[in-house]
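Some notes on the structure that comes next.
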Amino acid sequence: MAIPVEEAIAALSTFSLEDEQPDVQGLAVLLSSERYATNSPIEYSDVAAYRLSLGEDTKAINQLNALIQEGKEMASLLYTYRSCVKALPQLPDSMKHSQADLYLETYQVLDLEMSRLREIQRWQASAASKLAADMQRFSRPERLVNGPTITHFWSMLKLLDVLVQLDHLKNAKASIPNDFSWYKRTFTQVSTQWQDTDTMREELDDLQIFLSTRWAILLNLHAEMFRTNTVEDILQVLIVFCVESLELDFALLFPERHTLLRVLPVLVVLATSSEKESESLYKRIKMNRLLNIFKNDPVIPAFPDLHLSPAAILKELSSYFQNFSSQIRLLNLPSPHEIPPRELQDYQRHYLILNHMGTIRAEHDDFSIRFASAMNQMIILKSSDGADNDWSRDIKGNMYDIVVEGFQLLSRWTGRIWEQCAWKFSRPCKEPPSDSQHGSTTFFDYEKVVRWNYTAEERRALLELIGYIKSIGLMMQRCDTLVSEALWETIHMEVQDFVQDKLDTMLRTTFRKKKDLSRILSDMRTLSADWMANTSKADPEPHSLHQETEEMRQNTFYPRPVAPTAAQIHCLQFLICELVSGGNLRKPGGLFGNSGSGIPVEDLKQLETFFYKLSFFLHILDYTATIGTLTDLGFLWFREFYLESSRVIQFPIECSLPWMLVEYVTETQDAGLLESVLIPFDLYNDSAQHALTCLKQRFLYDEIEAEVDLSFDLLVEKLNEIIFTYYKSCAASTLLDNSFTYLCDDGEKYFVKPLRFDAIFKLRRVMVLGRIIDLRSLITQRMNKLFRENIDFLLEHFESGDLCGVVELQQLLDILELTHQSISKFLELDSYSLILSEMQENLSLVSYSSRISSQIWNEMQTDFLPNFILCNTTQRFVRSLKGTHHSSQRSSASTGKAYFYCGSHDLTMAYKGIAGLYHDFFGIPHMFAVVKLLGSRSLPGIIRALLDHISSKITAMVPKITALQEALPKSIGLLSFDGGIAGCEKIIHEILTWEAKSEVKTEVLHDLKEIGSALYWMSLLDIVLRQIDTTQFMQSAPWLGLIPGNDGQVKHACSDNTPFTTLLSGATNAFASSPACPNPSSFLVMAKQAEAASLLYKSNLNSGSVLEYALAFTSAALDRHYSKWSATPKTGFIDITTSKDFYRVFSGLQYSYLEESINPSRKQEVLGDSVAWAGCTIMYLLGQQQHFELFDFSYQFLNVAEIENATVSLYQSSDRNKSPNFLQGYEGILEAMRKARRLNNHVFSMLRARCPLEDKIACAIKPSGAPLHRMKFTNTVSAFETLPQRAT
């Protein structure tokens, strides 16, 4: 069934295409858009319709505007000109015969560039001639034509500005005369074969004179101006116009103000150079006014990296114009590098943005609030029908005033950036800062004016101001369609109010008897009055004006969104000037000075106010283009002049001002600036726009694009590092023990300063050079890569150390996991378990090993078991101090980045200090770390590998034990009490004749040590697993309904279901029976999942013991060699003298080891308590515990010593004067034997508790890694063949 169109439209209206992306960028201007459209689109062809005799003026304006556009293209060509000579090849001596061909090719290449310079030469001559002719035409005293108008004034000034900039560029670009010299040289070589080259040589000579003569364009202009008629009148009028505009802030936009500042010193020089009236200028304009303007702005922006100085221009031009050289006061103005230190501080305060940031912030905040309020009122007005006209006018008039104020703010702020840059270029730093990370002793000039010329505070202020400009521009641009109608209506109302009401009043009062002036006022009303919106009588006759009453004089009109055209504004400005000045260019006092015009001050003030408003109207009507102009900051990237002077192709990215701002944000990590980190990329957008649309040079765009690619990659990398470091520091601070920070005197340094990345995480559409980039996706990709690199680094760090570093690895991985959890709240990262498994190479379903488990087993096999000794008292393994039995080869640890540890330096040092406490031993904390890192998947592999290691060591010991058995005497009797301990020592030495078997004895002791270490490692693992099982049991018991029984055993409170399944089953039944529940299937699934979870947890309750499993495995391995190590007595009784069972060998080994350990003259390696653990375990499993306790040499030695000690004690009690020291020299060996006996008794008691001999039992391990409960079966070799085998 088809959906009705109305319903479909209503459904579509509910969708929102907006996302939560914040505004952290400025205007996203397309690279192909045109910004400037303030000129008349039809070249003022409609001016003739108003019959004001402005045909000559309009024609001149159009001609000058065309020259201005061509001149800008010429200036762009000169500014972007790069030397071709640098790319010319140099022929080797072997190819000198091809020199002529090289000259020809070089000439053809350079001729194309020189043709452009010849075009500039011809154009400037034509422009100077036309400008001079235009000035002469309007300087005629007979006044045959009307004009020049204000628009004409601006056209003259702009063309003069273009000529000044061209001359300045020609003087500054050293590559142009260099290329020309090469061109002339090649022409000399090539033209020898040509005919009729005289004309070409003349052109070359003219071009050479043009390029080599400084200020050639201005000199040519001066010659053209004063060739026939003098132009002092028009020059003085232009100077007066410039001075008044600068003093009254008549220029709304900063480019207009900079134009006036650039042309004013040139105009002064040209006007003073006249021989007739050189001093008349200073009668109309006081010298102090000019001095104040030049002093207030000693540096004027000209091009992005070129500036002009009025003082320098005046001084340099004085040598070309002799009449001007007498103006001492103007020539004494200091150049930027000559400013005295006292005045320099004042200029620093004026030019540096840092000194104005307080005012700028206040202006920004106040304007933002008032603009938002005005926009809200506009929205309310749009939504209300039949609103009151007065209220509507007030709201729209307020909106107009806010827009004008916004333009003025943007113009002032952008102008400040231009002027600060010009000031920095004029005042380079002498030496880079001492703390700069730069190893070179030579620096580019560009580095001195940009890289080292901005302090950190100045960079922050510049970045903040750029953000203000872009945000205000974006805010104003977004409401373009909403405010456009209000702006048009307000402008319409302003014009109609003036021409219909105020001019009407002037016609009735001031100008009633002045027919010429009344005619001008009537012309103003005729060309701009909108009588269609007027409800009163249209255009009443002048003779009847005095007959109307006061009520009838007030016209009533309704504003319409109909704005005046550029031609209407042009004509209105001309008529106001005609009205005020009467066409007299020599009128003193300025344009609106009340001197001889006969107009009252009040009317003159109204005319002046409306005159200035007319200039604003064009910019306000061209709303989007004006905002684009005022927010264009692309000049901050360009550096063409310094590229030429430094003779390099391009500067490194560290010298680029946009990247310097990005780098400042990333290095300082200021919480208030992080969200503005993309603002500098608007500078790249603006510069690319300027390169394509204004300079029209593709190679500049390519260079910008290349730098943007590099900058954005670096930005994403730095942002990832900042985000990763911050969240990792937060995780490390969270996991840090509170008692540790409490005891530290400076514990505050372990707390992380909060930062916000919410805005950055939401950026899915970043506009860079017309491309849309998903920054969030890039950050996510790099973050996943960063986590993998960090895990890989931690694993490499662990692999470069010993087994004791497992605690540090576990701590760092815990921090990394918490970091992953924190970042995953904002980004769609890969699963942490997946990343960890991938980096451990443990993704296969059949893989039961990982990098960590492989490294642990490798360390145990090559370093831990051979080189660590056991201290049974502390339950720790420590490294042997007397050398290593096996050498362990490890890879050297790579130096990782700081954020790969714990984020901040302080937290890294804290965790390294904590981890250092665990680096010298292996104990219970390390075992907890091993269990957590390996998990149930890899732990069984380590267990099986250790058991196989024990089995292989037992098998390897068999021939060695046999060799020691064969070295024993055939008959070994009990030690006699008659000889005392000295006699016993002698007998034992006679029995243990193993001097020839010393190496075998040492190897057996080391094998026993490794077996004992492995068994004790199993016991530590068993302790840890039991503790973990107990914790899990205590957590799951209430949900499984487990309660303690009367016999101490655990029983189930409910035989059928657990409390957990009962709870969810009841909830499921309740929801399923309720008619309000449309889909009860989800609750049924939850109930089934609860039953499965209960079964799973119940199956894990009866867990076995790893130690018991290891003892059973060891017993099975010993059963293979039972006949060799434990022979059955032939008589059925214990064989006292002839037995050579294992206990005899271990007894001799223990006695020899104890005796050697107390001998200070022999540097015997300390083997620890692992030997006793291995020997006692083997004897216990072979059933030789009682034999050992009866016939051990150490035990018998202790018995003899005790009996002898008791006998001597009785002797001493009868004769106290005699106290023979019979134990002298034996205290050490006796104490060592007592300790050995205590250790042996401890091991035997543990073995009897965990593995009773009356019923040999064993256990198995489930595939999940959990040991099963003990299973009873006959302890035979065949039974143990069914145990899980180690993966191969």
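- Remark: side-chain polar atoms of Arg525 are paired, donor with acceptor, to backbone N or O of Val499 under 3.5 angstrom.
- No donor-acceptor pair closer than 3.5 Å links the side chain of Thr414 to the backbone N or O of Ser411.
- Remark: Asp365 CG to Ile369 CD1 distance equals 6.5 Å, nearest 0.5 Å.
- Salt-bridge formation is not detected for the pair Glu675/Lys762: no Lys NZ or Arg NE/NH1/NH2 atom is positioned less than 4.0 Å from an Asp or Glu carboxylate oxygen.
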Side chain to side chain donor-acceptor pair (under 3.5 Å), that's the test. Do Ser615 and Gln573 meet it? Break it down for me.
CA-CA 8 Å; Ser615 301; Gln573 286 181 329; 2.9 Å; yes
Leu64 vs His152, side chain to side chain contact (heavy atoms under 4.5 Å, CB included): CA-CA, chis, key distance, verdict
CA-CA 8 Å; Leu64 293 179; His152 199 159; 3.7 Å; yes
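- Of all the heavy atoms in Pro658 and Pro680, the pair that sits closest is O-CB, 3.4 Å.
- Checking Ser155 against Gln63 by side-chain atom types alone, no donor-acceptor pair falls below 3.5 Å.
- For Trp418, the CH2 atom is densely surrounded, since the number of other residues' heavy atoms within 6.0 Å is greater than 12.
- Side chains of Ser384 and Trp391 form a contact here, defined as non-hydrogen atoms less than 4.5 Å apart.
- Taking the charged nitrogens against the carboxylate oxygens, Glu363 and Arg412 do have a contact shorter than 4.0 Å, which makes a salt bridge.
- Looking at Arg460 and Met357, their side chains never come closer than 4.5 Å, going by heavy atoms from C-beta outward.
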Begin with the C-alpha distance, continue with both residues' side-chain angles, and end with the deciding distance and a verdict on ring pair (Phe, Tyr, Trp, His ring centres under 6.0 Å) for Tyr623 and Phe407.
CA-CA 10 Å; Tyr623 188 83; Phe407 285 170; 5.7 Å; yes
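- Going from atom CD1 of Ile360 over to atom CD1 of Ile353 covers 6.5 Å, rounded to the nearest 0.5 Å.
- Scanning all heavy atoms of the two residues, the minimum distance from Asp161 to Arg262 falls at OD1-NE, 2.7 Å.
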Ring pair (Phe, Tyr, Trp, His ring centres under 6.0 Å) between Phe241 and Trp154: does it pass, once the steps are laid out?
CA-CA 10 Å; Phe241 177 75; Trp154 275 112; 5.6 Å; yes
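- Put simply, the side chain of Leu683 reaches to within 4.5 Å of the side chain of Ile466, judged on heavy atoms.
- Between Ile300 and His258, the closest heavy-atom pair is CG2-O, 4.0 Å.
- Classification of the Tyr684-Phe681 ring pair by plane angle, with boundaries at 30° and 60°, yields tilted.
- At least one donor-acceptor pair closer than 3.5 Å links the side chain of Asn62 to the backbone N or O of Thr58.
- The existence of a salt bridge linking Asp297 and Arg257 is confirmed by a sub-4.0 Å separation between a basic side-chain nitrogen and an acidic carboxylate oxygen.
- Rounded to the nearest 0.5 angstrom, Ile679 CD1 and Ser471 OG are separated by 7.0 Å.
- Taking the six-membered ring for Trp and thresholds of 30 and 60 degrees, Tyr612 and Phe250 have ring planes inclined between 30 and 60 degrees apart.
- With rounding to the nearest 0.5 Å, the separation of OG1 in Thr490 from CG in Asp394 is 10.5 Å.
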How far apart are the C-alpha atoms of Thr565 and Ile569, what are their side-chain angles, what is the distance that settles it, and do they pass the side chain to side chain contact (heavy atoms under 4.5 Å, CB included) test?
CA-CA 6 Å; Thr565 64; Ile569 294 176; over 6 Å; no
Run His570 and Phe574 through ring pair (Phe, Tyr, Trp, His ring centres under 6.0 Å) and show every step you take.
CA-CA 6 Å; His570 165 68; Phe574 163 71; 7.4 Å; no
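- Under the 4.5 Å side-chain criterion, counting only non-hydrogen atoms from C-beta, Gln689 is not in contact with Asn685.
- With a 4.5 Å cut-off on side-chain heavy atoms, Leu630 and Phe254 count as touching.
- Between the Gln568 side chain and the Leu527 main chain, a donor and an acceptor come within less than 3.5 Å of each other.
- In this structure, Phe498 and Phe610 have parallel ring planes: the angle between them is below the 30° cut-off, well short of the 60° mark.
- The shortest side-chain heavy-atom distance between Arg560 and Glu489 does not fall under the 4.5 Å cut-off.
- The salt bridge (Lys or Arg N to Asp or Glu O under 4.0 Å) test with Glu494 is passed by exactly one of Lys502, Lys613, Arg393: Lys613.
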Leu381/Lys396 under side chain to side chain contact (heavy atoms under 4.5 Å, CB included): CA gap, chis, key distance, verdict
CA-CA 9 Å; Leu381 179 62; Lys396 293 178 180 179; 3.7 Å; yes
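- Not a single donor-acceptor pair under 3.5 Å links the side chain of Gln377 to the backbone N or O of Ser392.
- By the 4.5 Å heavy-atom criterion applied to side chains, Ile402 and Phe367 are counted as neighbours.
- Annotation: side chain of Phe635 is not in contact with side chain of His690 (no heavy-atom distance under 4.5 Å).
- Closest heavy-atom contact between Val403 and Met476: O-CE, 3.8 Å.
- Taken from CG in Asp603 to CG in Leu503, the straight-line distance is 9.5 Å, to the nearest 0.5 Å.
- Minimum heavy-atom separation, Leu354 to Ala461: CA-CB, 3.9 Å.
- Salt-bridge check for Asp366 with Arg370: passed, with a basic side-chain N closer than 4.0 Å to an acidic carboxylate O.
- Considering all non-hydrogen atoms of both residues, Ile395 and Met378 come closest at CG2-SD, 3.7 Å.
- Using a 4.0 Å cut-off between charged nitrogen and carboxylate oxygen, Asp686 and Lys470 count as a salt-bridge pair.
- In this structure, the side chain of Asn376 engages the main chain of Ala372 through a donor-acceptor pair within 3.5 Å.
- A distance of 5.5 Å separates NE2 in His619 from CG in Leu252, rounded to the nearest 0.5 Å.
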Lys72 and Ile68: CA distance, side-chain angles, deciding distance, side chain to side chain contact (heavy atoms under 4.5 Å, CB included) verdict
CA-CA 6 Å; Lys72 288 182 178 179; Ile68 291 170; 3.9 Å; yes
